[in-house]
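We use all heavy atoms of the structure for the numbers below, so side chains are in, but hydrogens, waters and symmetry mates are not.
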Amino acid sequence: MRVQCVICDKIEELNDDTLQAKRLRNRPIHTHMCDECHERITERTKERLATGSFRFYRSSRRIEDDF
């Protein structure tokens with residue numbers, strides 16, 4: 001399955017049997033982000049959290065556990 005990153009428009013190939021590919025097929029509202037963009041956003045968010053002046057509103061308990 002070919003997917004495109006929503007941030008950098010990089011086209012990647014996903015294995016059709018993966019959970020992420022199934023989610024993208026069954027729920028078109030979900031979007032794909034390449035690993036490079038995901039890592040960059042994660043690092044910058046952690047940097048902003050470390051400053052103390054950034055307020056991070058978490059939406060659910062499951063997402064909090066991932067952070």
Side-chain angles (χ1 to χ4, degrees):
M1 171 180 208
R2 288 175 43 136
V3 292
Q4 185 174 8
C5 177
V6 295
I7 296 175
C8 67
D9 295 331
K10 178 180 170 185
I11 296 176
E12 294 182 336
E13 188 74 28
L14 283 181
N15 187 358
D16 289 336
D17 299 330
T18 62
L19 180 61
Q20 186 178 15
K22 183 177 179 180
R23 285 181 180 157
L24 289 171
R25 270 193 314 272
N26 293 334
R27 299 183 189 120
I29 194 75
H30 287 158
T31 57
H32 173 74
M33 198 173 1
C34 66
D35 293 333
E36 296 163 3
C37 290
H38 188 269
E39 289 298 320
R40 187 179 74 240
I41 289 172
T42 302
E43 289 172 10
R44 291 187 180 176
T45 301
K46 288 180 181 178
E47 289 172 4
R48 286 193 304 270
L49 282 171
T51 63
S53 60
F54 177 72
R55 191 169 286 188
F56 186 63
Y57 296 100
R58 296 185 171 131
S59 59
S60 70
R61 186 71 183 149
R62 192 182 80 185
I63 294 173
E64 286 181 21
D65 294 339
D66 291 343
F67 259 73

I need the Cys37 SG to Lys10 NZ distance, nearest 0.5 Å.
8.0 Å
On a heavy-atom basis, which atom in Met1 and which in Arg25 lie closest, and how many Å separate them?
CE-CG, 3.7 Å
Regarding His32 and Glu12, do their side chains bring together a donor and an acceptor under 3.5 Å, going by distance alone?
yes
Flag if over 12 foreign heavy atoms under 6.0 Å of CD, Gln4
yes
Which heavy atom in Cys8 sits nearest to a heavy atom in Cys34, and how many Å separate them?
SG-SG, 3.7 Å
Here's a test for you: under side-chain contact (heavy atoms from CB on, under 4.5 Å), which of Val6, Ile7, Leu24 qualifies with Thr31?
Val6
Nearest 0.5 Å, please: how far is CZ in Arg23 from CD1 in Ile29?
15.0 Å
Which distance, rounded to the nearest 0.5 Å, do you find between the CG of Asp17 and the CG of Leu19?
11.5 Å
A side-chain contact here means heavy atoms from C-beta on lying under 4.5 Å apart; do Ile41 and Met33 qualify?
yes
Apply side chain to side chain contact (heavy atoms under 4.5 Å, CB included) to the pair Lys22 and Thr18, showing each step before the final yes or no.
CA-CA 6 Å; Lys22 183 177 179 180; Thr18 62; over 6 Å; no
